[in-house]
Amino acid sequence: MTRVAVLGAGITGVTTAYALAKRGVNVTLIERHRYAAMETSYANGGQLSASHAEVWNHKATILNALKWMARRDAPLLLHPWPSWHKLSWFAQFLAAMPAYERNTIATARLAITARAHLFAWAQEEHIDFDHRRAGILHVYRDRRGFERAAGVSRLLAQGGLERRAVTRQEMRAIEPTLQGDFYGGYYTDSDSTGDIHKFTSGLADACGRLGVVCRYGTAVTELAREHGKVRVSVGVGEDSSVFDAVVICAGTASRAMAASLGDHVNVYPVKGYSITVQLDDAASRAAAPKVSLLDDATKLVSSRLGEDRLRVAGTAEFNGFNDDIRADRIRPLVRWVEQCFPGVNTRKVIPWAGLRPMLPDMLPKVGPGKAPGVYYNTGHGHLGWTLAAATAEMVAEVLLSSSAINR
């Protein structure tokens, strides 16, 4: 039987392990934390959002980054001090701008495929992850943003996604609790939300039932190619095992792992923040939104997780491998809740920060590396929750069809 090591037990690693195990593969899942989904898959925005498939390789992103550099609370914060990693990443980001439309369409198609797999797995494995199928409402505060969104909607439509323009009055009907001065919006009723940590943990349990060996609290110390196979060394004592194949799903650690195997996977850690507002009183539960939102001006999203939690997340910070939770980056999230949903009590707020593994063209790296037996499913950026089920299926199919694996 084919022996495969999956490195990383975030959303991409666990879905990959599951997709392989369902195909009868002998899988070992290796994760440095004590549990699955303890880093970027812990407290993200919660949106399963094909409507958020637009890639960032657009001149508007560059202009905003330059305009906001002096603002510590900016939605997109680019720290000016250089590093070779950051410079090389941005060079590739700029080079990918001509592919903006093509990559946006491809991402939308991938997102639509992914949700069918994810919903089926959750049903089959009886995973409760606070799934809410109430759609996602994008809101715009001015005409310029609204009109630009029309162009994005046309690209999403080419990818197979329907989202419709709505007036201010229709926005109020979709989400009556929303307060503020908005020009208009776009609503995607096929999108949904859910708790990524609950889902990933539940699917990890399902992996165990399928026979996956889950090695938590185990750090990978070395990867080496060995006669068409891959040796994985772990722990202080350099315990090692040889596998027919390895799938790297290690988030922001994927770049270093890839380099040790002769591949260049230019993942950059883009920090995002979230808050979880505890809706402990009846008034807050009534005043909090039930429909998921994306506010284009602030680049913030919100998701209702069950009855007693509101998750608000967003921002992008280019500051290397720094996962500090900064008060000046959390404050705008709290302020957004207080302005848009003034009836929500923000006395109890849990802050969080995570590093999104982002590739310059905003598309994940899915498939084989240069060496036999080396595969990747990483670099999903802000859409890991949305895309992971599809890319897991893709890498499982590619791995099992490889002559190097089946010989």
Side-chain angles (χ1 to χ4, degrees), residues 2-13 15-17 19-20 25 27-32 39-40 83-93 95-96 99 103 106 110 219-234 240-270 320-321 355-381 384 387-388 390-407:
T2 301
R3 296 183 69 240
V4 177
V6 176
L7 308 185
I11 184 65
T12 57
T15 52
T16 298
L20 288 167
V25 176
V27 179
T28 298
L29 179 64
I30 303 174
E31 166 58 48
R32 69 186 185 95
E39 289 196 24
T40 311
S83 69
W84 171 248
H85 187 189
K86 186 187 293 185
L87 291 172
S88 68
W89 192 93
F90 273 106
Q92 290 182 286
F93 178 90
N103 288 349
L110 195 60
V220 174
T221 54
E222 186 179 4
L223 299 172
R225 294 169 288 178
E226 193 173 286
H227 308 298
K229 299 181 186 295
V230 182
R231 180 174 292 279
V232 181
S233 299
V234 300
S240 68
S241 301
V242 175
F243 295 89
D244 296 301
V246 63
V247 187
I248 295 176
C249 309
T252 56
S254 299
R255 180 174 179 263
M257 289 185 179
S260 72
L261 293 167
D263 291 313
H264 181 60
V265 180
N266 200 12
V267 168
Y268 191 88
V270 181
F321 288 88
L355 301 177
R356 309 179 186 100
M358 195 165 283
L359 284 163
D361 63 0
M362 312 299 290
L363 298 178
K365 168 73 174 173
V366 184
K370 293 177 183 176
V374 177
Y375 296 84
Y376 296 92
N377 184 18
T378 192
H380 296 64
L387 303 179
T391 60
E393 286 286 299
M394 290 165 58
V395 77
E397 286 294 322
V398 170
L399 190 152
L400 289 180
S401 67
S402 169
S403 59
I405 297 300
N406 291 318
R407 67 168 177 247

Less than 4.5 Å apart, any side-chain heavy atom of [X] and any of [Y]?
X: Met394; Y: Leu110; answer: yes
X: Ser241; Y: Thr28; answer: no
X: Leu359; Y: Lys365; answer: yes
X: His85; Y: Pro269; answer: yes
X: Glu39; Y: Leu355; answer: no
X: Thr252; Y: Pro357; answer: yes

Inset, instruction - Take Thr2 and Asp244 through the side-chain hydrogen bond (donor to acceptor under 3.5 Å, both in side chains) test and state the conclusion after the steps. - result: CA-CA 6 Å; Thr2 301; Asp244 296 301; 5.0 Å; no

Could you check whether any side-chain N or O of [X] sits under 3.5 Å from a backbone N or O of [Y], counting only pairs where one atom can act as donor and the other as acceptor?
X: Thr221; Y: Ser233; result: yes
X: Tyr375; Y: Ile248; result: no
X: Arg3; Y: Val242; result: yes
X: Asp263; Y: Val265; result: no

For the atom pair [atom1] ([X]) and [atom2] ([Y]), what is the distance rounded to the nearest 0.5 Å?
X: Ser83; Y: Phe321; atom1: OG; atom2: CZ; answer: 9.5 Å
X: Thr391; Y: Leu363; atom1: OG1; atom2: CG; answer: 11.5 Å
X: Arg225; Y: Arg231; atom1: CZ; atom2: CZ; answer: 14.5 Å

Please report the shortest heavy-atom distance between [X] and [Y], naming the atom on each side.
X: Leu399; Y: Ala245; result: CD1-CB, 4.1 Å
X: Val27; Y: Leu20; result: CG2-CB, 3.7 Å
X: Val267; Y: Gly379; result: CG2-CA, 4.2 Å
X: Ala219; Y: Arg32; result: CA-CB, 4.0 Å
X: Glu393; Y: Ala19; result: OE2-CB, 3.6 Å
X: Thr40; Y: Arg356; result: CG2-CA, 4.1 Å

Inset, instruction - Please name the residue in the list Cys249, Ser254, Pro364 that meets the side-chain contact (heavy atoms from CB on, under 4.5 Å) test with Thr12. - result: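 The option that passes is Cys249.
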
Legend entry - Name of the residue among Asn377, Thr16, Leu223 meeting side-chain contact (heavy atoms from CB on, under 4.5 Å) with Leu7: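 Result for side-chain contact (heavy atoms from CB on, under 4.5 Å) with Leu7: Leu223.
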
Legend entry - Aromatic plane relationship, Phe93 with Phe90 - under 30° parallel, 30 to 60° tilted, over 60° perpendicular: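 The arrangement is perpendicular - the two ring planes meet at more than 60°.
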
